[in-house]
Every structure is written in C-alpha cells, then in structure tokens.
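Contents: one structure, followed by commentary.
Start at 1 and go down the list; that is how both ligands and their atoms are numbered.
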Amino acid sequence: MSEAKLIDGKLIAQALRQEIAGEVQRFRQAHARAPALHVVLVGDDAASAVYVRNKEKAVVEAGMIGAVHRLPASTTAAALHQLVRELNEDPAVDGILVQLPLPAHIPVDPILESVDPAKDVDGFHPVNVGKLWSGKAALVPCTPRGCLHLLRTAEVPLEGSRALVIGRSNIVGKPMAALLLGANATVSIGHSRSRDLPARCREADVLIVAAGQRQMVEGSWIKPGATVIDVGMHRGPDGKLCGDVDLASARKVAAAITPVPGGVGPMTIAMLLDNTLKAALARTARS
Ligand code: NAD
C-alpha cells in the first residue's frame, strides 16, 4: 500500500503569504498607509518572545506595520487594560494581539474581552466566537483557519464527510469544529473524557488532532483513506519536533496527512497576516 500524501503546510503558507503581500501592496496604494498589527507581550516567557519575534518579522515581510509593546512581568492588570484601550482607540491600529500566556496575576478573559472585536485578530473575543458559531463573517482563530485552508488546498471533500476534532480548547478545537460545520461536514468533538476514542477516530473521514498529547494517535486509530491534520507540537526526547499523531504508522493508513514540523505550524502565522489585512479592509470600508 502506498504511503499517505504529505500536505505541505510550508509551501501552502508561503503561497498564501505571497498573495497577502500583493493585497497589502494594493491596500497601501489605495489608502496611503499600511495595515498595522500591534502585539502586546507581558513578561519574559522565552517561548512567547520567540513567537512574537516571528510574528513581527512576518508582518513586516508582508509589507505591513508590526509594533510590539513589551511590558515587564510586574505590569498590573489595570495598566494592561489601559494600553488595550489606547490601541482600541488609535485609528492607525488595525489588529491587536495580546500574546498568551499572561503572568498569573492578570486574569486573561477580561483582557481578551477588552479588545475591540473589529481589531481582534486572534478571534478570541466572545463577539467573534458568537459570529463564528452563527455563521456570520468574523475574525476567526488563526490555527483552525489554517487547518481549513490546508484541507481546501488539498481538495479534501468536506461536505457530508464525517469529521472528528480531538480537543475542545477555545483556541483550536472548538473553532475548528465550527469551521468544519460551516463547510457542511458532520462534526464530532473528542476530548480527554471521551470514551472509545480510537473507535470514534476509525469512523472519521477527516481527523483533526489538537489534544496536546505527543504521538497519541497511532495508525491503528485511523480509517484507511482518511485525511489527518496534526495540530500538536512537541519536542521529542531526541530533540526533534513531533505532533499528536505518530506520523510513521499513520502514513501507512491515511490518504493525506500534515507533517510536524511543516504542516499546521506555518499556517498559523500566515492566517495572522490574513486576519490583520481583513481587519484593516473591514475598518477602512466602514470609515
Ligand atoms: P489545550 O491543552 O488547551 O487543549 C487540549 C485539548 O485536548 C483539551 O480540550 C482536552 O480535552 C483534549 N485532550 C487532552 N488530552 C486528551 C486525550 N488524552 N484524549 C483526548 N483528548 C485530550 O491545547 P490547545 O491550545 O488546543 O493546543 C493543542 C495542541 O496544539 C498543543 O500540542 C499545542 O502545542 C498545539 N498548537 C499548535 C499550534 C500551531 O500553530 N501549530 C497552535 C496552537 C496549538
């Protein structure tokens, strides 16, 4: 039996980023300014610092303005709210992203809920969550949007298919399920309390794995010919990156699968650029 086709997220993200850069160019010509993303980074979490640097670099490469507000770990919730208010009111700011996690003394939800939904490029604000679930135009979380783009680009039939999403986080699992429902798939959500998960997986034509458990899904869990999107990201004992799916055994059964690295990861940043452009276009259309 032939091995599953690898869905090349690096290549697909690159093509999308090029397309976005072209649209940004047209935006700049039409509006005499560039779309602007402001990222707020509180504290000195090393991984967050790397993510933020990568986001800033990608934004600038796409021809947009990228600003980073680096605040000390001792920043109070009140000071952070004040900064978000200022960014909400600043007409030169199109997108606002508060990098998570925040230091433990700052409650997360009130901060996310204080971002103007029109500038909420992470798509975490309850207004955007509600719009997504009611099928209205919204800013949608970047990682699940990236997964849907991979499925569309790989021409995976979604309408009427059985899709299973493993994971029910607000960042990945739930919005992923909403997007698949919007694409007319028959959607189930598996999670840490689900019974018979391997059997449920074997029923799925499309399997999205976002459980945060290293190589949890094995080939024997997968329906022959299924498409598998692996959102997980882990560093193995050998120092190499791997996902929530055991790629070697899964490739023997699936028809198509995303590798880790080089699958979903590159799509997240590409979708952040797209959300920033979308936010800028929507704001200029309104003003
Ligand atoms: P999370 O920890 O918030 O949520 C994990 C979900 O998986 C939970 O809903 C939980 O119920 C479920 N789960 C946990 N253990 C399970 C098990 N044994 N069986 C079934 N379900 C189980 O994580 P998250 O933020 O949704 O991220 C999930 C994974 O995706 C992580 O590995 C994360 O690093 C990765 N991630 C990658 C990107 C990217 O850009 N590539 C972006 C976001 C998250």
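Taking a cut-off of under 4.0 Å to the non-hydrogen atoms of L197, the atoms of ligand 1 that pass are 19 (N), 20 (C). Counting the atoms of ligand 1 from 1 in the order shown, those under 4.0 Å from a heavy atom of G212 are 28 (C), 29 (C), 31 (C), 32 (O). Counting atoms of ligand 1 from 1 in the listed order, those under 4.0 Å from a heavy atom of I166 are 20 (C), 21 (N). Within ligand 1, the atoms closer than 4.0 Å to a non-hydrogen atom of H234 are 32 (O), numbered from 1 in the order shown. Within ligand 1, counting atoms from 1 as listed, the ones closer than 4.0 Å to a heavy atom of G167 are 6 (C), 7 (O), 9 (O), 12 (C). Here is the list of ligand 1 atoms found below 4.0 Å of a heavy atom in V172: 26 (O), 43 (C), 44 (C). Residue-ligand proximity, T268 to ligand 1, at heavy-atom distances under 4.0 Å covers atoms 39 (C), 40 (O). Taking every non-hydrogen atom of V231 and a distance limit under 4.0 Å, the qualifying atoms of ligand 1 come out as 30 (O), 35 (C), 36 (N), 37 (C), 41 (N).
Among S192, A211, S169, the residue whose heavy atom sits closest to atom 5 (C) of ligand 1 is A211.
Protein heavy atom at the shortest distance from atom 33 (C) of ligand 1 is M233 N, 4.4 Å. For atom 8 (C) of ligand 1, the nearest protein heavy atom (residue, atom name, distance) is R168 N, 3.9 Å. Nearest protein heavy-atom contact of atom 42 (C) of ligand 1 is T143 OG1, 3.2 Å.
Within a 4.0 Å radius of atom 2 (O) of ligand 1, the protein contributes no non-hydrogen atoms.
Paired with V217 under the rule side-chain contact (heavy atoms from CB on, under 4.5 Å), one option of L197, L207, D244 passes, and it is L207.
Nearest heavy atom pair, residue S169 against residue P175, reads O-CD, 3.6 Å. The two residues A210 and V172 make their nearest non-hydrogen contact at CB-CG1, 3.6 Å. Among all heavy-atom pairs drawn from L164 and G190, the shortest one is CD1-N, 3.7 Å.
Salt bridge status for D90 with K119: absent, with no side-chain N to carboxylate O gap under 4.0 Å.
S249 places none of its side-chain heavy atoms less than 4.5 Å from the side chain of S220. Using a 4.5 Å cut-off on side-chain heavy atoms (C-beta onward), I166 and I208 make no contact. Between S48 and L41 there is a side-chain heavy-atom pair separated by less than 4.5 Å.
Under 4.0 angstrom from ligand 1, the non-hydrogen atoms of M216 all belong to its side chain. The side chain of Q213, and not its backbone, has at least one atom closer than 4.0 Å to an atom of ligand 1 (non-hydrogen atoms only; side chain from C-beta on).
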**OP:** Go through the steps to decide whether E56 and R53 satisfy the test salt bridge (charged side-chain N to carboxylate O under 4.0 Å, His left out), and finish with yes or no.
**Re:** CA-CA 5 Å; E56 191 182 10; R53 258 201 309 280; over 6 Å; no
Original post:
Going through the checks in order, is the side chain to side chain donor-acceptor pair (under 3.5 Å) test met by Q82 and E86?
Top reply: CA-CA 6 Å; Q82 176 59 28; E86 283 166 21; 3.0 Å; yes
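Between G265 and ligand 1 there is a heavy-atom distance shorter than 4.0 Å. Ligand 1 has A210 within reach: a non-hydrogen atom of the residue lies less than 4.0 Å from it.
The backbone N or O of V127 lies less than 3.5 Å from a partner atom in the side chain of H125, making a donor-acceptor pair.
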